[in-house]
Amino acid sequence: MTGPAVSRRALLGGTASLALAGAVPVGAAPVRARADLFIGTGGDGHVFPGATMPFGMVQLSPDTDTARWATCSGYHRDDTSILGFSHTHLSGTGIGDMLDILVVPTRGPVLLDGGPLDDPDKGYRQRFRDEVAEPGYYAVTLESGVRSELTVTERTGIHRHRFPAGPGHILIDLSHLVMEGPNARPYIDQAALTLEADGTLTGTRRVFRWAKGRRIFFAMQLSRKPDRVEFFGDGDAPAGGSGVTGKRLKAVLHFDDAGAAPVVIRTGISAVDLAGAKANLAAEAKHWSFDRYARAARAAWAGELDLIRFEGGSTAQRVIATTALYHASIGPTLFSDVDGRYVGLDRKVHTVPAGERAYSAYSLWDTYRAFHPLQTLIRPKLTQGFVADLIRQTQQSPFGPPVWPLQGVETGTMIGWHAVPVLAEARAKGIVADYAAAWPGVAKRSFDWSTPVLDNSVGVQAYDELGYVPADRIFESVSRTLEYSYDDYAGAFIADAAGDTAGAARLRKRSGNWQGVFDKRIGFARGRMADGRWAEPYAPNALGHSKKWRDFTESNGWQATFLNQHDIPGLIAAMGGDAAFEAKLDGLFNASSELPADAPPDISGLVGQYAHGNEPSHHVAYMYAWCGAPWKTQAMVRRLLTEMYHDRPDGIIGNDDCGQMSAWYLFSALGFYPVDPVSATYVLGSPLFDRATVRLGGGRTLVVEARGNAPDRPYVHAVRWNGRPWTKSWIAHADLMRGGTLSFDMAATPNKAFGARVEDRPAR
């Protein structure tokens with residue numbers, strides 16, 4: 001590569017994350033701590049550091065790699081070179097996609113291939129230094145000497161590239177996705193690039209990666225007219241004229257004196273058509289002042305990150321908390337254009353009703369647990385928008401309730417149909433929507449065996465007829481049985497909304513199917529054959545009874561045994577009572593952390609066999625409340641808060657999964673958690689901070705105090721709600737939403753009487 005001779009050590013130094021505001025002592029007015037956008041970019045957090053708006057359509061961020069599991073977001077903190085900057089990214093997922101419209105500002109000979117990660121000099125990759133990342137803004141200095149800055153509006157990406165004196169060029173690469181395996185189908189089967197008469201560069205591509213067949217359209221304008229534009233088609237063959245079509249396309253914009261003035265780029269995108277991309281660009285990018293766009297993005301984030309303010313704790317903990325709120329504010333991502341058009345799960349173009357929006361990137365298997373309940377608490381109006389959108393998707397999808405919809409495509413990823421718990425939770429918490437409109441789709445998924453089946457819902461007929469998913473017929477049978485049971489429990493609430501009493505009764509009865517895979521003799525969930533026999537061999541830390549038949553989804557027998565969120569009293573009874581249940585929970589946290597060699601990387605963050613790095617375990621520490629031992633919840637939650645999250649790039653113990661890991665932290669730091677979101681209650685834990693102020697909407701505020709709090713004082717001695725003693729180990733959502741003060745008295749030793757009475761435990 002050309003450019004100044006700088007050592008790799010120097011190029012990798014100087015990393016910074018700008019603060020939004022400093023921290024203040026307890027007792028002063030609460031001030032928002034800074035967010036560190038590099039938290040989670042290392043390890044397996046799978047987040048990106050670039051610029052986006054809250055729940056925005058564009059995520060403009062650097063790409064360091066596109067092929068590895070570590071770079072599902074396009075970026076990993078350990079990588080030492082950057083390919084360029086693309087306009088769409090996923091946050092915290094376990095599968096990669098997006099990374100649309102790569103922009104590469106550079107100098108020297110034109111190189112059309114990115115080159116290998118371990119040898120940047122063989123392609124257009126560039127080493128880098130002086131990264132800056134804050135909400136709504138990203139900047140970096142590239143090896144070529146270009147200083148690149150990124151910001152966004154909701155539907156457009158805004159760049160500013162400052163070149164050194166002399167010539168330079170900007171490569172637009174629509175094909176930088178790397179295919180996996182020697183016989184892999186190309187990810188892109190259609191693409192086009194066109195330089196229009198007014199100088200706007202437009203294009204599209206159709207991608208078959210995770211969301212098979214999704215389309216992206218873009219319209220790009222530059223503040224300076226290039227001196228020359230070259231197009232390259234498949235095989236990097238030069239293409240004459242004003243455009244090119246094919247599969248793997250590129251354009252190079254040449255500037256004879258690139259350093260004469262900054263090059264500002266504004267790019268509108270759309271999943272609908274080119275007209276939509278142009279309209280989004282025209283509506284949201286009306287000027288060329290990069291700084292004005294950046295100020296607007298910072299202001300938008302300042303408002304969102306003001307929804308929860310923390311006081312006390314350490315500086316690092318306040319940074320972690322603010323960053324968690326940031327990561328819980330990125331997606332689901334906006335999917336409708338300024339005119340309201342979007343692509344539905346039927347692959348047709350629809351228009352949202354006036355005042356509403358469509359969204360993409362619902363990681364529902366993960367996010368129904370804490371992320372969506374968090375939005376219901378702090379952004380009830382946004383939750384109403386999500387619910388309306390999920391109802392529309394349920395109506396439009398041939399598969400029923402959405403599972404993991406991405407860019408108008410049902411990926412079918414993970415198991416169950418967990419849009420239903422999101423709907424049921426919102427209904428239970430008073431979010432107004434037409435829930436009855438979702439019932440036909442929920443009923444179809446639940447009862448109609450002729451409905452098209454994705455991997456997420458195989459075995460439903462056997463589950464209905466046998467009372468469980470058989471382990472000798474269906475992959476991941478135990479986890480499916482347990483999660484289908486929870487979806488049935490939630491689905492009954494949607495049937496109630498539609499007035500289908502028979503359907504509701506059938507689902508409520510079927511929600512007890514978790515018992516079909518619970519072996520009372522050994523006290524564990526395990527695989528069961530179609531003839532009723534238990535699958536052999538069995539070990540609670542194993543993934544299944546044979547290499548062919550894995551019985552669990554990203555978990556094992558220890559973790560799946562406690563997956564039951566909706567009938568914990570029934571699980572306690574099946575285990576033999578409170579003492580046996582408490583002992584089994586103790587056994588989970590104290591077991592050997594040994595895993596079989598074929599365990600997936602998702603089973604991470606182990607405390608015994610509890611796995612905080614993946615979602616099936618997230619509610620388990622709070623289950624002690626049901627057997628009258630909430631003091632054990634308090635100790636374990638405080639331990640997880642301090643051991644599983646850190647203010648460094650590997651500071652999220654597993655994939656953030658579109659904000660779920662972050663939402664767990666926020667709830668637990670506040671001192672309560674939605675074990676069963678549909679119940680509209682929270683189980684109390686151990687607040688991490690001395691004081692938290694939560695804006696609930698409608699002018700209401702929730703204040704959480706932890707008096708006498710300290711790292712060695714995790715136990716709750718007493719609780720007051722609005723000044724009155726509160727003896728229960730749980731509290732209702734409706735109470736908190738009225739606003740007030742939830743006050744904890746903290747202690748170094750447990751108060752084993754708190755929450756121990758049967759009448760003070762969560763509903764039985």
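All values below were derived from every heavy atom in this structure, side-chain atoms included, with hydrogens, water molecules and symmetry-related copies excluded.
Shortest non-hydrogen contact noted between Y610 and A621 is CE1-N, 4.4 Å. M746 approaches A706 most closely through the heavy-atom pair CG-CB, 3.9 Å. Contact record, G43 with H76: O-NE2, 2.9 Å, taken as the closest heavy-atom pair. The minimum heavy-atom distance between L390 and A419, with the atom names listed, is CD2-CB, 4.4 Å. The nearest pair of heavy atoms linking T413 to V403 is O-CG1, 3.2 Å. Here the shortest heavy-atom pairing between M644 and G605 reads CE-O, 3.3 Å.
For the 3.5 Å distance criterion, the side chains of R318 and T315 qualify, holding a donor opposite an acceptor. For the 3.5 Å distance criterion, the side chains of T41 and R77 fail to qualify, holding no donor opposite an acceptor. A donor and an acceptor atom, one from each side chain of S270 and D337, are located under 3.5 Å apart. Checking Y673 against H619 by side-chain atom types alone, no donor-acceptor pair falls below 3.5 Å. For the 3.5 Å distance criterion, the side chains of N655 and H46 qualify, holding a donor opposite an acceptor. Side-chain atoms of Y326 and S662 form no donor-acceptor pair, as typed in the model, at a separation below 3.5 Å. Defined by atom type and a distance below 3.5 Å, a donor-acceptor pair is present between the side-chain atoms of N614 and E554. For the 3.5 Å distance criterion, the side chains of Y138 and E149 fail to qualify, holding no donor opposite an acceptor.
T88 contributes a side-chain N or O that, together with a main-chain N or O of D100, makes up a donor-acceptor pair within less than 3.5 Å. With hydrogens and angles ignored, the 3.5 Å screen pairs a side-chain donor or acceptor of D389 with a backbone N or O of Y359. Side chain of S604 to backbone of I653: a donor-acceptor contact under 3.5 angstrom is found. A donor-acceptor pair under 3.5 Å links the side-chain atoms of N709 to the main chain of L688, judged by distance alone. A donor-acceptor contact shorter than 3.5 Å links the side chain of S617 to the backbone of A611. Looking only at distances, no side-chain donor or acceptor of D647 sits under 3.5 Å from a matching main-chain atom of V319. Side-chain N or O atoms of H372 include none that pairs as donor or acceptor with a backbone N or O of E425 at under 3.5 Å. With hydrogens and angles disregarded, a donor-acceptor distance shorter than 3.5 Å links the side chain of R155 to the backbone of S336. In this structure, Q634 contributes its side chain and Y715 its backbone to no donor-acceptor pair below 3.5 Å. Between the side chain of E143 and the main chain of R127, a donor-acceptor pair closer than 3.5 Å is present.
In this structure, R357 is not positioned above the aromatic face of F335 in the sense of NZ or CZ being under 6.0 Å from the six-membered ring centre and within 45° of the axis. A cation-pi arrangement is not found for R214 relative to W210, the charged atom failing to lie both closer than 6.0 Å to the ring centre and inside a 45° cone about the ring normal. Remark: R691 is not positioned above the aromatic ring of F310, lacking an NZ or CZ atom under 6.0 angstrom from the ring centre and at most 45 degrees off the axis. For the pair R266 and W288, the cation-pi criterion (under 6.0 Å, within 45° of the ring axis) is fulfilled.
Rounding to the nearest 0.5 angstrom, the gap separating the CG atom in L702 from the CD1 atom in I378 is 11.5 Å. Here T701 contributes atom OG1 and R309 contributes atom CZ; the two are 11.0 Å apart, rounded to the nearest 0.5 Å. Atom NE2 of residue H327 and atom OG1 of residue T322 lie 12.0 Å apart, to the nearest 0.5 angstrom. If you take CE on M414 and CG on D366, they are separated by 6.5 Å, rounding to the nearest 0.5 Å. Rounding to the nearest 0.5 Å gives a distance of 9.5 Å between OG1 of T367 and CD of Q375. For the atom pair SG (C658) and CZ (F371), the distance works out to 8.0 Å, reported to the nearest 0.5 Å.
Below 30°, between 30° and 60°, or above 60°: for F163 and H161 the angle between ring planes is above 60°, a perpendicular geometry. A tilted orientation is assigned to the rings of Y75 and F38, their planes being inclined by 30° to 60°. The aromatic rings of Y368 and H418 sit tilted relative to each other, their planes meeting at an angle between 30° and 60°. Between H612 and Y645, the ring planes are perpendicular. Angles over 60° get that label, and only those under 30° would be called parallel.
The pair R160-D291 meets the salt-bridge criterion, since a charged nitrogen lies less than 4.0 angstrom from a carboxylate oxygen. A salt bridge links R738 to D735: at least one charged side-chain nitrogen sits closer than 4.0 Å to a carboxylate oxygen.
With contacts defined as side-chain heavy-atom distances shorter than 4.5 Å, the pair R209/L177 qualifies. When side chains are defined from C-beta on, W69 counts as touching D44, because their heavy atoms get closer than 4.5 Å. Here the side chains of E304 and W301 are in contact, with some heavy-atom distance below 4.5 Å. Side-chain contact between L90 and D97 is present, with at least one heavy-atom pair separated by less than 4.5 Å. Between P49 and P62, the closest side-chain pair of non-hydrogen atoms falls below 4.5 Å. In this structure, T376 and H733 have side chains that are in contact, with non-hydrogen atoms separated by less than 4.5 Å. Under the 4.5 Å side-chain criterion, counting only non-hydrogen atoms from C-beta, F744 is not in contact with R707. Between R379 and L307, some side-chain heavy-atom pair lies under the 4.5 Å cut-off.
In this structure, the ring of Y362 has its center no less than 6.0 angstrom from the ring center of W404. The distance between the ring centers of H618 and F667 does not fall below 6.0 angstrom.
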>> Would D65 and R125 count as a salt bridge (Lys or Arg N to Asp or Glu O under 4.0 Å) here? Give the steps.
In response: CA-CA 10 Å; D65 191 30; R125 287 179 170 277; 3.7 Å; yes

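Residues meeting the side-chain contact (heavy atoms from CB on, under 4.5 Å) test with A283, sequence neighbours left out: V338.
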